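Below, read A as the first sequence line, B as the second, and so on, with proteins coming before strands; counting in each chain starts at 1. Bear in mind that the values here come from a model prediction, so they are computed numbers and not experimental data.
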Amino acid sequence: MKRTRIITLLASDHALDNVLIKGWVKTRRDAKDFSFIEVNDGSCLQNIQVVADQGLANFEAIKKLSTGSAIAVEGIMRPSPGKGQKWEVHAASAVIISVAGDDYPLQKKRHTDEFLRTISHLRPRTNKYGAAFRIRSKLSYAIHRFFQERGFAYIHTPILTGSDCEGAGELFQVTALNLENPPKTAGKIDYSQDFFGRPANLTVSGQLEAEMFALALGDVYTFGPTFRAENSNTSRHAAEFWMVEPEMAFCDLSDDMDLAETFVRHLVTYALDHCREDLSLFAEFVDKTLMDTLETVATKSFIRVPYTEALAILNRSGQHFNFEVSFGTDLQTEHERYLAETHFKQPVIIYDYPRTLKPFYMRVNDDGKTVAAMDVIVPRIGEIIGGSQREERLDVLKGRMAETGVPPKDLWWYLDSRRFGSVPHSGFGLGFERLIMLVTGISNIRDVIPFPRTPGNIEF
RNA sequence: UCCCCAGUAGCUCAGUCGGCAGAGCAGGUGGCUGUUAACCACCGUGUCCGUGGUUCGAGUCCGCGCUGGGGAGCCA
């Protein structure tokens, strides 16, 4: 007999004569002649109540079942006379698959996120983390569906990269050399003897490679891990995180912003439509304002303000900021939060930033002072998307590389794309974990990725 | 990397003015009960983060370090 998932059983509109469930004991309560066992199999947030009575051959062993133990129960699913659940399974047989010892760290009570991080291998068994990772999976699927339905091709850009000039933070170097005793010439490490014959790193972005494919297949996207060796210790940064990077040919900044907005609103709507039960946990226990926030993101169009207009809003706000703003200064977290949380109270797209603040590949605007860049700022999280129209003019691009100190010879292939059939194109990067934070209300990035990597932390 | 806060039982925390180490939950035993984070009674639990110092005496005060959290920078 095949097991039926609990999510399927609970959705049934009629009793079932013979069912088999397999799962883990969440909690157990004893009554006079039987034991109530709450079983969860991870298919959904809810447990199913199993009623095990003294007619079972192994009833004495069943009564000793501890939280975390695994069982298989065969029996009849029928309406529950008790309050709190529609169905319950009366066990005709209950096989104990394995017993969790009394040192099982997860108790029938709420644990702190900090403690659960120390047992990342067990935390998906909790209600909260189970729900978070089911949502993460659903949204991954929604991302692929969103792009595939719109004719985008999924591109697997390399994880290992030879270019060290992608301009997005510190890199993790990758080597096959013996670090205890590396080969040297003239006192310097001889990378010609390394695996690739030159230094290599983990990618910080698939953008440059994705651009090559946008200029061939039209509309493309990437969805994969990226790595930053920044010594960042915040609730919004991880050394390994997942990024979604669409790239579109024949697309300007306005089209790019349109897609970014449609994308975020679509994903939030998808979560509201497909993750209701799991979201309800977060709305109740994690962030009471979650549903309002998600409804706002899903239904209201995003405000779009040029950088200079954002400065004007900040300067006439009467608000005290620790950092003053004027043209050429980067917006600090306090400014972004003021705009998204206090002034507009909804997602905001800020665009046309000073060229001095942005990397070489962003397209220079006609004013010569700004570039066609945009950031999507959402309440509570801050920047969730960063993107731009790319500089398609070869001479301007070369000028920008010189200006920002990027050596053209390392990116000869990138420059080639501007030499042969260059067209206006645009793209952006969405931080997948930040999206999950937005959707769940979870406030620390370490709690939305299965096994987080942060400075000094690579256990598991 | 910088600023601030914290570290006491398996977990969450209290510990006053420097004077014998505490509670709730979890766990164990027994009872009760179609139960709902069940309930009642009883029982056990400590490198007070580490290290050096001040003191008759340090969980408590001081220095250094480690770990965790919040904030900032960097960014997604």
Checklist entry - Do A:Y351 and A:Y307 have ring centres separated by under 6.0 Å? => result no
Item to check | Strand partner of B:rU55, provided both Watson-Crick or wobble distances fall under 3.5 Å | outcome: none
Item to check | Within residues 100-119 of chain A or reaching into it, pairs that qualify as side-chain hydrogen bond (donor to acceptor under 3.5 Å, both in side chains) - sequence neighbours excluded | outcome: A:T27-A:K108, A:D113-A:K128, A:D113-A:Y129, A:R117-A:D447
Next on the checklist: Roughly how many Å apart are B:rG15 and B:rU51, using the P atom of each and rounding to a whole number?
Outcome noted: 25 Å
Item to check | Partner nucleotide, any strand, of B:rG68 [Watson-Crick/G-U, under 3.5 Å] | outcome: B:rC5
Checklist outcome for this item: Heavy-atom nearest nucleotide on RNA chain B taken for A:D330 and for A:S443; more 5' hit belongs to A:S443
Item to check | Spacing of the C1' atoms in B:rA58 and B:rG50 (rounded, Å) | outcome: 16 Å
Checklist entry - If you measure from the P atom in B:rU55 to the same atom in B:rG7, how many Å do you get, rounded? => result 26 Å
Checklist entry - Within the structure shown, what part of the strands sits under 4.0 Å from A:L430 by heavy-atom distance: base, sugar-phosphate, or nothing? => result nothing
Item to check | A:F302: partners by ring pair (Phe, Tyr, Trp, His ring centres under 6.0 Å), with sequence neighbours left out | outcome: none
Checklist entry - Does a nitrogen or oxygen in the side chain of A:S232 sit under 4.0 Å from OP1 or OP2 of B:rC74? => result no
Item to check | Sugar-phosphate only, base, or nothing, as touched by A:D103 at under 4.0 Å among non-hydrogen atoms | outcome: nothing
Item to check | salt bridge (Lys or Arg N to Asp or Glu O under 4.0 Å) contacts in which one or both residues fall within residues 16-28 of chain A, not counting sequence neighbours | outcome: A:R28-A:D30
Item to check | Span that lies between the C1' atom of B:rA14 and that of B:rC56, in whole angstrom | outcome: 28 Å
Checklist entry - Paired with B:rC20: which nucleotide, if any, by Watson-Crick or G-U wobble criteria at under 3.5 Å for both distances? => result none
Next on the checklist: Determine whether a donor-acceptor pair (one donor, one acceptor, N or O, separation below 3.5 Å) exists between the side chain of A:Q332 and the base of B:rG73.
Outcome noted: no
Checklist entry - Taking atom P in both B:rG59 and B:rG53, what distance in whole Å separates the two? => result 15 Å
Item to check | Listed partners of A:R5 passing side-chain hydrogen bond (donor to acceptor under 3.5 Å, both in side chains), at least two apart | outcome: none
Checklist entry - Say you pick atom P in B:rA9 and the same atom in B:rU1; how far apart are they, in whole Å? => result 29 Å
Next on the checklist: Taking A:G206's backbone N and O only, do any of them form a donor-acceptor pair with A:E245's side chain (distance below 3.5 Å, no angle check)?
Outcome noted: yes
Item to check | Test item: A:L9 and A:W87 side chains (from C-beta on) under 4.5 Å apart, heavy atoms | outcome: no
Item to check | Spacing of the C1' atoms in B:rG31 and B:rC66 (rounded, Å) | outcome: 48 Å
Checklist entry - Roughly how many Å is it from CG in A:N231 to C1' in B:rA72, rounded to a whole number? => result 13 Å
Next on the checklist: What's A:I385 touching, base or sugar-phosphate or nothing? Going by heavy atoms closer than 4.0 Å.
Outcome noted: sugar-phosphate
Checklist entry - Are A:T333 and B:rG71 close enough that a side-chain N or O sits under 4.0 Å from OP1 or OP2? => result no
Checklist entry - So what does A:E114 touch, heavy atoms closer than 4.0 Å: a base, only the sugar-phosphate, or nothing? => result sugar-phosphate
Next on the checklist: By nearest atom, which of the nucleotides B:rG70, B:rA26, B:rA76 is closest to the A:N444 side chain?
Outcome noted: B:rG70
Checklist entry - Should A:D53 and A:D33 count as side-chain neighbours, where that means a heavy-atom distance under 4.5 Å? => result no
Checklist entry - Heavy atoms under 4.0 Å, any strand shown: does A:F241 hit a base, just sugar-phosphate, or nothing? => result base
Checklist entry - With both distances under 3.5 Å as the test, what is the Watson-Crick or G-U wobble partner of B:rA26? => result none
Which atoms of nucleotides 2-5 of chain B (N or O only) lie under 3.5 Å from a protein N or O atom, and what are those distances?
none

Checklist entry - To the nearest angstrom, how far is A:L65 atom CG from B:rG27 atom C1'? => result 16 Å
Item to check | Side-chain heavy-atom pair A:L171, A:V204 within 4.5 angstrom cut-off | outcome: yes
Next on the checklist: Tell me whether A:K358 is salt-bridged to A:D352, with the criterion being a basic N under 4.0 Å from an acidic carboxylate O.
Outcome noted: no
Checklist entry - Side-chain N or O of A:N457 less than 4.0 angstrom from OP1 or OP2 on B:rU67? => result no
Checklist entry - Taking atom P in both B:rG73 and B:rA37, what distance in whole Å separates the two? => result 43 Å
Checklist entry - For A:H111 and B:rC13, what is the distance between atoms NE2 and C1' respectively, to the nearest whole Å? => result 15 Å
Checklist outcome for this item: Protein-proximity profile, nucleotides 29-42 of chain B, B/S/- by nucleotide at the 4.0 Å heavy-atom cutoff, equals ----BBBBBB----
Checklist entry - Would one find a side-chain N or O of A:T234 under 4.0 angstrom from OP1 or OP2 of B:rG70? => result no
Item to check | salt_bridge(A:R337, A:E334) N-O dist < 4.0 Å | outcome: no
